[in-house]
Every structure is written in structure tokens, then in C-alpha cells.
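For reference, the structure is listed below as C-alpha cells.
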Amino acid sequence: MGKVICTGLGPGDPDLMSVRSDRLIRGARHLAYFRKAGRKGQARQIVEGILRQDVTEHAMEYPVTTEISFKDPEYNRILSEFYDGWTDRLEALAATDDVIVLCEGDPFFYGSFMHLHSRLQGRVEVEIVPGITGMSGCWTATELPITWGDDVLTVAMATLPEEELVRRLKDTDAAVVMKIGRNLPKLKRALEAAGRLDDAWLVERGTMPKQTVQKLTDFSGETPYFAICLLHGQGRRP
């Protein structure tokens, strides 16, 4: 009898994986990871070159990503079937061996594995190995502390309605905004309405080889999937 072990990979640089994650991944006989259909998958790329030769890989390909709105009931139906199916497959694999599931960042911080974790409860033993979050890697890349003293940090998704983003950005000292992509124009408007646009930083591919760090007002072009917007706190200091 095995178990399902989800290993946090950290923000992208393989050197920032925990010793435990590295050890488990190097010894994995079964390795599962999420990816978009037709892509190699960011999680899989992070572990390139450290897998045993006889590992069996299980690519969990999302049936839908941005093709339809996440507000569409069909979106939830399709993804629910996807997670249900992979729950069954992971349970079957774990009947005879451990299964390592890769997760970028930390599994319990907006990670896709959470949808499998809730379904696997009571069916198979599950272990979570935490990892450094992507946002931590990004704010470290700016070489500025994200919070000081009593600063309040807010983590928000750029997918939120614009008025909600404005409210959240006004009512905080420091902020991390994720899931930017096609929502960048909306985010810029919200930052400007909150009086914070000039303070915003954009980090693309934080800790990865093609990392870029710049003020958001200096950015032009299409925002990649791996991008985080940061507002640094300026609170109490000795």
C-alpha cells in the first residue's frame, strides 16, 4: 500500500526546492503533474534532469483553461470530471506504490492539487510537502521587503471584478496580485483608481532563467502566465 505525496516545488528555481521534495522526486517511481494540453508543463520542467530512468510519468492535462469563462457552469462541470477521474487513477496507483504529485509553489496556496486533496480524503493516505510560494520568490527578486512593522499584506487575484480590486488595493499596506494575464489592463486601471499605480512592480518568471523585474509603469507587451504584481509596504521601522 502506497500513498499520494504532493511535493511543493517552490517558485521555479530548482535550487529552491526543499531537501525533502528533492529526495522524494529523485526516488519517485510514479510521477504525476498538471499541464496544459500540448505543453511540457512548468512543474515538469523544474525537475528536468533529476528523475530516475525508470520513472513512470502521468501527465494530468487540463481539459479546459481559458477557453471558456470560469463563471460558466460548463467550466466547473468539465473540471470536476477531470479531478474526479484523476482521483480514481491516483487512488489506483497508490494501491501498490507511492505516487509523487508535483506542485509549483506551495500545494495549499492556490495549488491545483487542493481539488484532488479534498477528493482523496478517506480513500488513500495523502502527504503534503510545503514549498516556498511563488510570491515570496518574486518579492525577493525586487530586493525590497514586502512588509514592515504592522503592515497588512493582501493577496488578491486579478480575476476579481475591477471595483473589488480597487477596494482591496486601497484598504491595504502591501499587496500581491496574481493571475494577471489578460487582466492586466483592468489591474492597471484598479491600481490607478486606488492611487497605487506608481508604486507597483511586475515580476515575470520569478527565480526562473528569464526573470524580469520592473516597475509596472515601465512594462509593455503581453503579460506571461508567470507574472505577479507587487505593492511593498512602507510601515513602522525602528
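One-based numbering along the sequence shown.
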- Might you work through the salt bridge (charged side-chain N to carboxylate O under 4.0 Å, His left out) test for E163 and R167, ending with a clear yes or no? CA-CA 6 Å; E163 60 274 16; R167 183 177 73 82; over 6 Å; no

- Step by step, work out the side-chain contact (heavy atoms from CB on, under 4.5 Å) result for V213 and E143. CA-CA 10 Å; V213 181; E143 299 184 358; over 6 Å; no

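- Between W139 and T147 the shortest side-chain heavy-atom distance does not fall below 4.5 Å.
- The heavy-atom pair separating V99 from A94 by the smallest distance is CG2-N, 3.9 Å.
- Proximity of a side-chain donor or acceptor of R119 to a complementary backbone N or O of H115 within less than 3.5 Å is detected.
- Side chains of V101 and I5 form no contact here, defined as non-hydrogen atoms less than 4.5 Å apart.
- When all heavy atoms are compared, the tightest approach of G131 to D106 is N-OD1, 3.0 Å.
- Under the 4.5 Å side-chain heavy-atom criterion for ILVMFWY residues, no single connected hydrophobic cluster contains both M135 and M114.
- Open room surrounds CG on D171; 12 or fewer heavy atoms of other groups in view lie less than 6.0 Å from it.
- Across G2 and V124, no two heavy atoms sit closer than the pair O-CG2, 4.2 Å.
- Looking only at distances, a side-chain donor or acceptor of Q211 sits under 3.5 Å from a matching main-chain atom of T207.
- The nearest pair of heavy atoms linking G206 to C138 is CA-SG, 3.9 Å.
- Under the 4.5 Å side-chain heavy-atom criterion for Ile, Leu, Val, Met, Phe, Trp and Tyr, M157 and L184 are members of distinct hydrophobic clusters.
- Between the CD1 atom in I228 and the CD atom in E204 there is a gap of 11.5 Å [rounded to 0.5 Å].
- Applying the 6.0 Å contact sphere to CZ of R52 captures more than 12 heavy atoms from other residues, nucleotides or ligands.
- To the nearest 0.5 Å, atom CH2 of residue W201 and atom CD of residue Q214 are 9.5 Å apart.
- Taking CG of L93 as the reference point, atom NE2 of H58 lies at 4.5 Å (rounded to 0.5 Å).
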- Task: Take C6 and L116 through the test side-chain contact (heavy atoms from CB on, under 4.5 Å) and record every step on the way to the result.
- Result: CA-CA 10 Å; C6 185; L116 295 175; over 6 Å; no

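- To the nearest 0.5 Å, atoms CZ (F34) and CZ (F82) are separated by 5.5 Å.
- The cluster map of Ile, Leu, Val, Met, Phe, Trp and Tyr, joined by side-chain heavy atoms under 4.5 Å apart, puts L16 and M208 in different clusters.
- The aromatic ring centres of H117 and F108 sit less than 6.0 Å apart.
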- Message: Pair E127, R20 - check salt bridge (charged side-chain N to carboxylate O under 4.0 Å, His left out), show working.
- Response: CA-CA 12 Å; E127 179 182 338; R20 178 163 176 74; 2.3 Å; yes

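- Of the possible donor and acceptor atoms, one in the side chain of D98 sits under 3.5 Å from a partner among the backbone N and O of K3.
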- Message: Please determine whether side-chain contact (heavy atoms from CB on, under 4.5 Å) holds for the pair L9 and I25, giving the CA-CA distance in whole Å, both sets of side-chain angles, and the decisive distance to 0.1 Å.
- Response: CA-CA 10 Å; L9 299 179; I25 292 165; 3.5 Å; yes

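- R189 and E192 are not joined by a salt bridge, as no carboxylate oxygen comes within less than 4.0 angstrom of a charged side-chain nitrogen.
- Annotation for K215: atom NZ counts as buried by contact number, over 12 foreign heavy atoms lying within 6.0 Å.
- When the options T172, L231, V176, D173 are evaluated for a side chain to side chain contact (heavy atoms under 4.5 Å, CB included) with L153, the one that passes is V176.
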- Message: Could you go through I180 and L202, starting from their C-alpha distance and side-chain angles, then the distance that decides it, and tell me whether this counts as side-chain contact (heavy atoms from CB on, under 4.5 Å)?
- Response: CA-CA 10 Å; I180 300 175; L202 185 72; 3.8 Å; yes

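- For the atom pair K188 NZ and L165 CG, the distance stands at 14.5 Å (nearest 0.5 Å).
- Residues P14 and V47 fail the side-chain proximity criterion, which asks for heavy atoms closer than 4.5 Å.
- Annotation for A28 and V55: closest pair O-CG2, 3.4 Å, computed over non-hydrogen atoms.
- Within the 4.5 Å cutoff, the side chain of F109 has no heavy atoms near those of the P130 side chain.
- Between S18 and S21, the side chains place a donor N or O and an acceptor N or O closer than 3.5 Å (distance only, hydrogens not considered).
- Rounded to the nearest 0.5 angstrom, H232 NE2 and L144 CG are separated by 4.5 Å.
- The two residues A158 and K179 come nearest to each other via the heavy atoms CB-O, 3.3 Å.
- Hydrophobic cluster membership differs between L31 and M60, with clusters built from Ile, Leu, Val, Met, Phe, Trp and Tyr side chains linked at under 4.5 angstrom.
- Hydrophobic clustering, with ILVMFWY side chains joined whenever heavy atoms are under 4.5 angstrom apart, groups Y33 together with I50.
- Remark: R196 engages D199 in a salt bridge, criterion side-chain N to carboxylate O under 4.0 Å.
- A salt bridge links E48 with R44; the closest basic N to acidic carboxylate O contact falls under 4.0 Å.
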